[in-house]
Structure formats: C-alpha cells, structure tokens
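First the structure, in the form of structure tokens, and then the observations on it.
Atoms within each ligand, like the ligands themselves, are counted from 1 in listed order.
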Amino acid sequence: MVITNDIKYVGVNDHDIDLFEGHYIVPEGMAYNSYVICDEKSCVMDSVDGGFADEWIGKVKDALCGKAPDYLIIQHMEPDHSGSIKAFMDEFGATKIVSSQKSFTMMSNFFEGEDFADRRIVVKEGDSLELGSHTLSFIAAPMVHWPEVIMTYDSKDKLLFSADAFGRFGALDEVGETVREDDDWACEARRYYFGIVGKYGAQTQAVLKKIANLEIEQICSLHGPVINENLDYYLGIYDIWSSYKSESQGVVIAYTSVYGNTKKAVESLAERLKELGVPRVEMTDLARDDMAEAVEYAFRHDTVVFATTTFNNDVFPYMREFIHSLTERNFQNKRVAFIENGSWAPAAGKIMKGMLENCKGLIYAENEVKILSALNDESRAQLEALAKELAEIY
Ligand code: FEO
C-alpha cells in the first residue's frame, strides 16, 4: 500500500494471536505496522512480531525492488515490534539500526547480548537523519509506551511516525490500511489507549505538546490504520484521554453479582437513570465482560457506579481487579457512587472507597445503597434517591 510517493506500508496482520500483550482479547486480530521510505538512502520504520519475520522481510524486499535498506529505525522495543530485528539484520548484512540508547540496551537483553555495536546509530531528541529529499527528525516519547520510545517526523511528506500512539486493536486486512469513514476507530483505540498507555497521561501530554507545532498530514502508528484526514479529531481525542477529562456524559455501572440480587438492583438503577434522561447508561458485569472494556467505559464517562458484594470481608475479586486497574491508571476527575451487598456484615462500600481514596478529583455521591442479601423497600428507596441524584446534572 502506498502512503506517499516515497513511503509504502509493509505491515502484517495477526489473526492467530489469542491475547495481545498477554492479556487483551483482540477478536479482530492485530496489525503490526511497518513502513518503507525510498530515497537516496532507504529506511524501514520498525520491525514486526517475530512470528511474521519472513512475511515482513518479503514485503520489504518487494517495496525496495530487491535493494537492501540502508537503515532500520526502531522506535519501540516491545516484542510486537522488535521481534524480527535479528532476522532482518541477518538478512541485510549492511543495514544500520537507528534507535535510542535505551533501545540498544534492551536489544542486548532481548537478543542475548547482541546489541549490533558496529552497526548502530544512536539518536536522541532533536537529532535528524538525512535520507536525500527526506529529513527525519526524532522526538523522544518516553513511556508512550516504554521508556526507550522515539517518534519520527518526516518534514517532506509531513508525516508523523507515532510508535504505539494513535494505535488501535484490530488487524487491517478487513478495513484496509487507512481510516475509512465507517471504521469506528475510537472504539478499539480507546480500549487500547486506556489499557496500554492510560497510566502515562502526563507523558502523552508532553509528547502532544512537542508535536503541536508540527505540520502533520498523516499519522502512521505501529498499530491500526494510517490516519490521513480529520487529524484535529484524533489529536483532540488523545488530548482528552491523556488529560483524564471525560469524553462523554453518562453513567457506567460496573458490578459483580453472585446470585443475581446485585444485578437486579443495578438493572433497576439503569432503567431509572434512562427514564430520568441520563444521556448514556452503560452496564458491565465485571466477572463476565471484558475488563479492558470496563476500564475504557470508566475513563470515558463522567460518572461511575461501583456495585459489589462483600466477600471474605473484602470486595468480590473482579471488583478488586477493576478498581486496581483504574487506580494504577490514575483514575481521577469523576463522580462516583457505591452500592454494596452483604448477607451478614456488609463492608464492600467502605472497602471500595478506601481503594479509591488516593484518586484526585473524585466527587462522591451523597446517596449510597446498602443491600442486605436482596432488595427490600428500604434499599429500593435508596436506589431511587441515588438515581435522582445522579440524573440531576444532565
Ligand atoms: Fe505495540 Fe508497546 O507495543
């Protein structure tokens, strides 16, 4: 696929992967993107997962009409991108690797001491590489998503190679390699961002500031489609996500239910919230639904209701995992409410609040709901009061 006259897409699609990065379900597979820039000197942007080395090297050869590349630029050393470096360097004996110092340290660790000492060019923020008509400049992007990450800007074609940033789950052979209007990029890009980069909002903000003054016509991520239109939307939504602002008005009800009584309560709350005009109400069963999607919902909306059972004088395990997944990603700036259930010593509400106590900018709903095994008139009245309080702001 042609990105510009001089730049071609040479990425691969993985439909065999069970869990991306060991824990994210990817029902639409995964794309490991790579690009070739043809100029007086030619270069390849990043490698791909090790299982696709032969396919990828074949694509690189086709794109370069059999010529060996001068440079392999490595922006990120996570194995979904670095896994084929060794095979590539063995294939092209004269190619040099261009990357950050931290990347070369990681290379040595990943490849049993092989750091390509005599074939490497170390670059840092502000350095550039002349290819001929293209000049590439490097932008340090630490923690988006690992500390060694660099991004690369091509001033000729006005193109940003953004490493993991602006990526999304899903292979590209179904939708093509560029964003189409009917491709709901944000859905799987949001789940990807909050799952993988969400903890590093401050670092993402720092990179957004660095690229703010660049003239960018296309963003080439290491995952997902090339973004080549409506760039303000994509840059804007990354700004919202990384600054922990809420993207949508609405209530997420995240719950666990052992025998169905907590579920009945949250279903009743959801119905009332809709009747009262709340613009979006999302429910997620933390034991059965995708945890990464539950996390995405919580960061997306402005209000989160936590509903769970007391379990071993703690909260139900999936709720513990959910709250931990939020707090480790700097969950903040939300309105939160609590529903607890307990048959003899309810403690879940207090424990959930304790788990969230270090989160910044949380507004706690005044009304809480205590269920003693199953709903009764008293807890139904508490649910009604909570529904009215939550709906008030919309
Ligand atoms: Fe796509 Fe952080 O690896």
Side-chain angles (χ1 to χ4, degrees), residues 9-35 44-53 55-56 72-86 88 97 99-100 102-107 109-111 138-152 160-173 177 179 185 187-208 219-227 234 238 241-242 292 295-296 325 328-329:
Y9 178 85
V10 290
V12 297
N13 291 301
D14 185 351
H15 286 287
D16 295 328
I17 188 167
D18 61 343
L19 293 172
F20 179 65
E21 293 191 359
H23 61 140
Y24 296 102
I25 57 164
V26 281
E28 304 299 325
M30 202 64 204
Y32 313 122
N33 294 345
S34 172
Y35 308 87
V44 179
M45 301 299 302
D46 289 291
S47 107
V48 299
D49 180 277
F52 296 85
E55 180 185 345
W56 170 61
L72 171 63
I73 295 179
I74 294 296
Q75 301 186 111
H76 183 16
M77 273 302 295
E78 195 162 10
D80 51 332
H81 311 295
S82 66
S84 295
I85 292 176
K86 180 80 168 59
F88 184 94
I97 301 185
S99 196
S100 66
K102 281 196 172 76
S103 282
F104 286 110
T105 305
M106 289 183 180
M107 245 174 257
N109 294 335
F110 275 116
F111 301 121
F138 301 104
I139 300 155
M143 303 320 294
V144 187
H145 144 230
W146 278 13
E148 83 294 2
V149 170
I150 52 173
M151 295 184 183
T152 308
L160 179 71
F161 296 95
S162 62
D164 273 343
F166 301 95
R168 72 143 164 73
F169 294 124
L172 295 177
D173 41 4
E177 286 88 2
V179 174
W185 175 88
C187 180
E188 283 294 72
R190 191 187 297 105
R191 189 168 72 94
Y192 174 91
Y193 173 82
F194 284 112
I196 290 169
V197 192
K199 180 178 176 62
Y200 305 110
Q203 291 87 343
T204 307
Q205 279 282 300
V207 171
L208 289 178
I219 297 176
C220 295
S221 171
L222 289 177
H223 301 290
V226 172
I227 295 169
Y234 298 94
Y238 247 64
W241 295 345
S242 56
V295 168
E296 172 206 331
S325 298
E328 71 177 357
R329 288 169 174 78

For atom 2 (Fe) of ligand 1, the closest N/O/S atom belonging to Glu78: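 Checking each N, O and S atom of Glu78, the shortest distance to atom 2 (Fe) of ligand 1 belongs to OE1.
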What is the name of the N/O/S atom of His145 that is nearest to atom 2 (Fe) of ligand 1?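 Relative to atom 2 (Fe) of ligand 1, the closest nitrogen, oxygen or sulfur of His145 carries the name ND1.
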Distance alone, cut at 3.5 Å: any donor-acceptor contact between the side chains of Tyr192 and Asp164?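 Result is yes, a qualifying pair exists.
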Between Tyr234 and Trp185, ring centroids under 6.0 Å: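 Under 6.0 Å, so yes.
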Can you confirm whether [X] sits close enough to [Y] that some side-chain heavy atom of one is under 4.5 Å from a side-chain heavy atom of the other?
{"X": "Ile17", "Y": "Val26", "value": "yes"}
{"X": "Asp80", "Y": "Met30", "value": "no"}
{"X": "Ser242", "Y": "Tyr193", "value": "yes"}

Which residue in the set Ile73, Val226, Asp46 passes side chain to side chain contact (heavy atoms under 4.5 Å, CB included) when paired with Tyr35?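 Passing option: Val226.
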Which atom, among the N/O/S set of Asp164, is closest to atom 1 (Fe) of ligand 1?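 Of all N, O or S atoms in Asp164, atom 1 (Fe) of ligand 1 lies closest to OD1.
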Closest approach to atom 1 (Fe) of ligand 1 by His81, given as the N, O or S atom name: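 This residue's closest N, O or S atom turns out to be NE2.
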Measure from atom 2 (Fe) of ligand 1 to each N, O or S atom of Asp80 and report whether any distance is below 2.8 Å.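 It does not; every qualifying atom lies at 2.8 Å or beyond.
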Closer than 2.8 Å to atom 2 (Fe) of ligand 1, do we get an N, O or S atom from Glu21, backbone or side chain?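 Not a single backbone or side-chain N, O or S atom of Glu21 is under 2.8 Å from atom 2 (Fe) of ligand 1.
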Metal proximity, His223 vs atom 1 (Fe) of ligand 1, N/O/S cut-off 2.8 Å: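 It does: His223 brings an N, O or S atom closer than 2.8 Å to atom 1 (Fe) of ligand 1.
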